[in-house]
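The structure appears right after this line, and notes come after that.
Just so it is clear: chains get the letters A, B, ... in the order the sequence lines come, proteins before strands, and each one is counted from 1.
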Number of protein chains: 2
Amino acid sequence: MAPRSGKNRRAAEIAADENLETLRPEHNPAWDALSRVVIESVSPEIDGGRYAVKRVLGDEFEVAADIFRDGHDVLGAALEFLAPGEDQWRRAPMAHADNDRWVGRFTPGVIGRYLYRIRAWTDPFQTWRQDVIKKRDAGQDVSLELREGRALIDKAAQAARQDPGAAHQLLVQVDNAAAELQRLLLLLSDSTRELMGRIGARADETLYHRTLELYVDRPAARFAAWYEMFPRSQASDPGRGSNFDDCIRRLPEVRDMGFDVLYFVPIHPIGEVNRKGRNNAVVAAAGEPGSPYAIGSREGGHTAVHPELGTLDDFRRLVAAAHEHGMEVALDFAVQCAPDHPWIKQHPEWFNFRPDGTVKYAENPPKKYQDIVNVNFYGAHRAALWNELKDIVLFWIAQGVKTFRVDNPHTKPVPFWEWLIREVQAKHPEAIFLSEAFTRPKMLKVLAKAGFTQSYTYFTWRNFKQEIIDYLVELTTTECRDYLRPNFFTNTPDILPPMLQRGGRAAFQMRLVLAATLSSLYGIYNGFELCEATALPGTEEYADSEKYQFKVWDWDRAGNIKDYIRRVNVARRDNPALHQLTNLRFHPASSDSVLFYSKMTADRSNMIFVAVNLDPFEAHEATIEFPLGDMNLSEGDAFELQDLLGGERHLWRGAQHRIRLEPHANPAAIFRVAPFRYVDYRETCF
Amino acid sequence: MAPRSGKNRRAAEIAADENLETLRPEHNPAWDALSRVVIESVSPEIDGGRYAVKRVLGDEFEVAADIFRDGHDVLGAALEFLAPGEDQWRRAPMAHADNDRWVGRFTPGVIGRYLYRIRAWTDPFQTWRQDVIKKRDAGQDVSLELREGRALIDKAAQAARQDPGAAHQLLVQVDNAAAELQRLLLLLSDSTRELMGRIGARADETLYHRTLELYVDRPAARFAAWYEMFPRSQASDPGRGSNFDDCIRRLPEVRDMGFDVLYFVPIHPIGEVNRKGRNNAVVAAAGEPGSPYAIGSREGGHTAVHPELGTLDDFRRLVAAAHEHGMEVALDFAVQCAPDHPWIKQHPEWFNFRPDGTVKYAENPPKKYQDIVNVNFYGAHRAALWNELKDIVLFWIAQGVKTFRVDNPHTKPVPFWEWLIREVQAKHPEAIFLSEAFTRPKMLKVLAKAGFTQSYTYFTWRNFKQEIIDYLVELTTTECRDYLRPNFFTNTPDILPPMLQRGGRAAFQMRLVLAATLSSLYGIYNGFELCEATALPGTEEYADSEKYQFKVWDWDRAGNIKDYIRRVNVARRDNPALHQLTNLRFHPASSDSVLFYSKMTADRSNMIFVAVNLDPFEAHEATIEFPLGDMNLSEGDAFELQDLLGGERHLWRGAQHRIRLEPHANPAAIFRVAPFRYVDYRETCF
């Protein structure tokens, strides 16, 4: 047990001694004897690095971490990142912020999957410099320290691949300096510091033990207004469906309302077996079209187009026309099949059959979906099935579709989605997937973590002030802000919420403003602009739903809010603050029926404040309070407001103001706020 | 792109198809196609499983996780654990608590390092049973379902390794049943459910992608009262030091005060080179003993005993005597060396030398510690150094020492400590390490994560109500509750805090009660019981500190609080609620100078409430509020209190009570509270 003598030990033993790796304990893969610098609490990092963080192109990506080591040595750190398609890691410097917290940032230049990690090290020269300055300031003798400092430079000069000349020149100067003070000044100079910052040795280099992922989407992943429609119900003959050409004729109107994404429910052949009839009748009458979610018939499956809508060429023409109008087309991706989908004969191994030999249709007991059959993701030939599903997505991407709304992803395995989205985005990083997971919160969230670009949320059922605030605070300030992008739909073919059923036109306007300004992503399902509010009694289902029948809409019918929608969408597009999500802040309003919030760009060049009366029936007044400090305003500064909906302008001063929102006139106000600044003439005149 | 026909595909291709692993994306090691069940948000789990969770023997270990999958199938889950020295994982069931959160628990039977993980699966029979019940209740035909249920049992019977007879018997009964209703009742019966719970197939088995660690310590890791002393200053001759026999004579007194751990500052030979003198003088006068932290001289190093204290045999005798008095001995582990430590000649490769050939002594510029030399953990022959340091700890364990107070661990590399503690505890799971990291918060915490059993904290400098509450809430309710055990020292040889310097006897009593009841671990440095309060002016250093001179104490001097300490320690030992840490709760007290808090056992069989006057100078009154609901009391119930310090008893009813704490009489009250219950005679008499 006494210290062993080093003298008699053989060279091999000594070599083994240098290798601290031989000390590794079991079950401790992250332990590294040489990782002397502690790097932890990295942010953002989702579930210990299990899932990717999301950002959009143009965002600066900021990463923070706790970085420290034993003792008082000076550290350095870098944020390293590997861009898609590159094989060289790049570095961005990290700087100490406070209390062992370091921050670094870079701005991704392309879309796709980045890797990032953190490297930290000890800086011997800066440590030496810091200590010598303290000793000099305390009047201590530093002659030995000068020799140590010179040695550090000498070592750097010998190892330097760049700029060894400057180091050698410095050494000559130091050696020629007659006085110690002169040598000290040379060694402590800013230029020496800068030189050693470039060529000085690093010690204790430590790499954070996880490599993290960042997925950079195109901007439409975070900012878009969606318009959902049934392509078969866009014309005027109630006896038959419309086609893609009818849809093309609708494009100018949709674009005039200001939408970016035109989203079609499935466009494929519809099963004839067990086809559902009007209002979800178990048996369809002759000529009824069936639900477009019962995909596949003898006319084809997921890569076919319903013949009544047109041909694949017609579809591509529609996609191109939408593009010309500044919109893109999104398609539904619904994995289920009708009982007469071609796969059921071609690939019976992908389905479940019952003891009587029939294919097992979808159920959520006691509810039955006889017109729909689910695939078995873990049956025989499962990899072929997964690849087939991926090929379907790639097929439609080849037709010009880059955005997919995915039907009921929570009834399919999460590992499947993680794989599918990753594979597709590896080839097409511009692909966007919207998750329709109206399900329990943890499943909703894990689908976003697994890769979905956007998510449907519970917004549709959040009506009152505190529940709206609580939900938005969760979405915009907790960990999910880094992976979940909420797409706030006001309504869907499945959901006509009670507020819209009962609240009339004011409710439609109020819910529109909430959806379009609380989130940067929102959508409406057609009919919303007409304030369509007729439900099957006691349900959230539309009466005579388009899901089961052809429908003829009067797109100009009285009471429509198309112009209001247009103004909201123009306000969105014109104001960069509304393109973001996590910049949402709530502010005090003295009434429980008035919600008051803001979005501001980081530089405060664009500031939007929104006040909404949440009661569609009665006028409410409130004292609202502006966060002057956060607006870079002082108590006495004036600011100008323009209501982007009504057009009124105000010149206000001070934090508190009284507003009144009358639901039948202005259920909401979207104020663009700018400081009212002017040249102080007293200064220029005197 | 069109669906491929399965007909012509070769067998090898089909086999590859089954292997979803071939689909693995790059950079995604945690992805597993077959891990259909999502298992996440496991608690406790520290830094994504990077570090072990801590518990003590006797604790029930509870683990929670979010567990769910796509669809509506019924899941099962188990908490699996591997005990130290075993090679078979055991299982504890997990049950659904709420909102996809599952909980399981087990009680470790031995001390040491456990592994734990979570397994979850789909239960096809329970899923079938749940669906059939819903369909039956809705009056639907279930004849096909009965065939499916029978098939599940048949499959289980064929695969069963245990109890296949029961399954076969059930099948015969089902087949013999004439009526469908009879078959249904058989298949849905509790006994069938129980049988299939044992032998039924599991699908989608998913193992959580991380294996986690739990370190189970002996109870003294969390509950102990420490008494720190200089073994050389335990007798009455000011001209020379005391020895181990003098220490043995002190044992009854220390034990009578109620301490569990007798902690000695280093007992090794003290360097003669650059020895420090009285009150930290740079040069020692003749006969001055030097700081015990300047370890090593020609008389030996870290495994030697200072000759004036006695021999190794004497030390073992002391350890045994302490043990007989119900105490254990803790030693200081201080890695630094005096300039004349034997290693510096034997192992110059473990140290840093300066350009003039001298060994580099410790500095924190401009402060110099000329009597101390630090080892270089990353120099030549470093693995030999690390092993040597480990051997020192093992050496003292062989002498009967199981507890080590580690000096300044934050000036040594964190990977070293993680390795050392792990290696030592692999052989001696009873070993306890206390980290003396009075440094920045993140370093303090990472040392606890890396393996230190206990940690010194900032308690010594937390004096006022809100700062005490804030700090204790952090320690007992945030993530660090799972890895950091605070050992609250009232004072140390380096720290005589201002509150004690100025507050007099009441301050000593008040700080003692806080330390001993806020945390389950606390300590005093000798002299505290005498209310020793003389500091070097303007510092927190003791005047004439024992660190640099022999000291003679009058252990019975007037004004001592030895009996008060005894009563506090008796209260601690007698009340299991005070053996725990994270059961601390603060309760309202209407004065800013009165702190009111409780510790209760989970079953409420032991309830301790503590009220402390934080002002050592003046009496304060407060209305305190008992949490009746949490005490399992109703508004009108009476409860009995006994003050374990003063002995007074009260019979109170209702939540609010008025108390007055007079610092010179009772600066604190430790109430044991019990419900005052009695037989209701009206009930028995009428």
Does [X] pair with [Y] as a salt bridge, N-O distance under 4.0 Å?
X       : Y       : result
K134(B) : E363(A) : no
K412(A) : D70(B)  : no
K442(B) : E40(A)  : no

What are the two closest heavy atoms between W31(B) and P415(A), and how far apart are they?
NE1-O, 3.1 Å
Minimal non-hydrogen separation, F68(A) against R440(B), with atom names:
CB-NH2, 4.2 Å
Looking only at T439(B), T211(B), D100(B), most heavy-atom pairs under 4.5 Å shared with chain A are made by D100(B)
Any idea which of V446(B), V414(B), L447(B) has the most non-hydrogen atom pairs under 4.5 angstrom with chain A?
V446(B)
Option that, when pairs with chain B are counted at under 4.5 Å, heavy atom only, ranks first among [options]:
options                            : answer
Q130(A), E145(A), E148(A), R69(A)  : E148(A)
G71(A), P366(A), P355(A), G300(A)  : P355(A)
K390(A), R210(A), R354(A), H410(A) : R354(A)
T358(A), V37(A), N99(A), V38(A)    : N99(A)
N364(A), L144(A), N408(A), D47(A)  : L144(A)

Part of [X] lying under 4.5 Å from any heavy atom of chain A:
X       : result
K345(B) : neither
R101(B) : both
K368(B) : side chain
R36(B)  : both
E45(B)  : neither
H209(B) : side chain
H72(B)  : side chain

To the nearest 0.5 angstrom, please state how far the CZ atom of R382(B) sits from the CG atom of L34(A).
5.5 Å
Counting only non-hydrogen atoms closer than 4.5 Å, can you tell me which residues of residues 135-142 of chain B sit against chain A?
K135(B), A138(B), Q140(B)
